[in-house]
Amino acid sequence: MLEKIQQLINEVNALKATSAEELESLRLKYLSKKGAINDLMADFRNVPAEQKREVGQKLNELKTLAQDKINSLKEAFEAQKAVAEKPDLTRTAYPVELGTRHPLNIVKNEIIEIFSRLGFVLADGPEVEDDWHVFSAMNFAEDHPARDMQDTFFVEAHPDIILRTHTSSVQSRVMEVTQPPIRIICPGRVYRNEAISYRAHCFFHQVEALYVDRNVSFTDLKQVLLSFAQQMFGPDTKIRLRPSYFPFTEPSAEMDISCNICGGKGCAFCKGTGWVEILGCGMVHPNVLELNGINSKEYTGFALGMGIERITNLKYQVKDLRMFSENDVRFLKEFEAAN
């Protein structure tokens, strides 16, 4: 009988359990009324009198060992369960889902990447600007309508300090401290005093590009525009340039692309024309170069600018401009695949 007791002692010492169900099975096997230890207790009456003391001590040792082992395994499981169920007081009260990039950022980054491949570098400037960098350095006349309160947000205490109406101010800041060659792209937020509707807002986002060097021509501008359009909207995209006017460029043009929705056949989006306007451009006006400290007889350049909302509308057919600033999660989730 001592051999059976020792065998069980060895088994109990080696007990392991990976689940609560497995632990309960071990308890029943050794400690229940029909368990192995209880069977030995029943056989104890058949032990010779001279061995009862020794066998009794071994039986008690086995029973105590089995109870302690089962209890320790049970405590280990309960401790693990408590840790697993313990609330993390640093977490928010609701599940936190991963966010997505804003559609405007998706398109802005794509535009920057395209121009980066063409050799343009990123430039940035302040949103709260002075009149010189926004208007005067860009060849705006003193009585130009863009200076009117209907278009520009002025800082009341400082009449010459305004919220920039375009990112051309970044071009001016770069030109006044840098001699050509200059090849920059300037994305940023701009502000205009306009009524908010599905097609206009008091703030929006622009990307402008500037290239100044010797012998820069309109042909260079056209090639950059065609390359951008085909990389952004597809290799079959066509462009056309229409004469226009901007104070800071001469000659100036507006660029249309073949409608990427109907393929140029004509639809409601392009109003049946097959063309959609996306940006303004032109050769940098000599006055702008001179005002910013660059010799217009030695250098020429081109500039272009586009609204990021406009490009995003074309790519994703978002019909209401207000959706971009309302932070509606349902709207933003639609762009998860574009990240």
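Note that these values count all heavy atoms, side chains included, but never hydrogens, waters or copies made by symmetry. One is the number of the first residue; the rest follow in order along the sequence.
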If you measure only the distance, is there a donor-acceptor pair under 3.5 Å linking the side chains of Asp131 and Ser136? yes
Going by atom types alone, do Asn105 and His102 pair a side-chain donor with an acceptor below 3.5 Å? no
Can you tell if the side chain of Cys270 reaches within under 4.5 Å of the side chain of Trp275, non-hydrogen atoms only? no
Between Tyr211 and Phe302, is the ring centroid distance below 6.0 Å? yes
With a 3.5 Å cut-off and no angle check, do the side chains of Gln231 and Ser227 form a donor-acceptor pair? yes
Within the 4.5 Å heavy-atom criterion, are Ile182 and Leu210 side-chain neighbours or not? yes
Answer yes or no: does atom NZ of Lys315 have more than 12 heavy-atom neighbours from other residues, nucleotides or ligands under 6.0 Å? yes
So which pairs with a foot in residues 222-244 pass ring-ring contact (aromatic ring centres under 6.0 Å, His included), sequence neighbours left out? Phe115-Phe228
Just so I know, are the side chains of Pro187 and Lys108 near enough to count as touching, which here means a heavy-atom distance under 4.5 Å? yes
Sub-3.5 Å donor-acceptor pair from the side chain of Arg173 to the main-chain atoms of Ala123, do we have one? no
Just so I know, are the side chains of Leu225 and Cys281 near enough to count as touching, which here means a heavy-atom distance under 4.5 Å? yes
As a quick check of understanding, evaluate side-chain contact (heavy atoms from CB on, under 4.5 Å) for Tyr191 and Glu127, giving each step before the final call. CA-CA 9 Å; Tyr191 306 84; Glu127 295 181 11; 2.5 Å; yes
Could you check if a side-chain atom of Asn313 sits within less than 4.5 angstrom of a side-chain atom of Leu321, using non-hydrogen atoms only? yes
Given 3.5 Å as the limit, does a donor-acceptor pair link the side chain of Gln230 with the main chain of Thr237, or not? yes
Close side-chain approach of Arg183 and Val121, heavy atoms under 4.5 Å: no
Is there side-chain contact between Ile308 and Gln206, with heavy atoms separated by less than 4.5 Å? no
Steps toward side-chain contact (heavy atoms from CB on, under 4.5 Å) verdict (Leu122, Ile112): CA-CA 8 Å; Leu122 203 60; Ile112 292 173; 3.8 Å; yes
Would you say the side-chain atoms of Asp130 pair up with the backbone N or O of Ile162, donor to acceptor, closer than 3.5 Å? no
Just say parallel, tilted or perpendicular for the rings of His205 and Phe203, cut-offs at 30° and 60°. perpendicular
Measuring only between side-chain heavy atoms, which start at C-beta, is Asn193 closer than 4.5 Å to Asp151? no
Side-chain donor-acceptor contact under 3.5 Å, His201 with Glu309: no
Within the distance-only criterion (no hydrogens, no angle test), does the side chain of Asn71 pair as donor or acceptor with the backbone N or O of Gln67 below 3.5 angstrom? yes
Measure from the side-chain N and O atoms of Arg164 to the backbone N and O of Val170, and report whether any donor-acceptor pair falls under 3.5 Å. no
Centroid separation under 6.0 Å, is that true for the rings of His166 and Phe140? yes
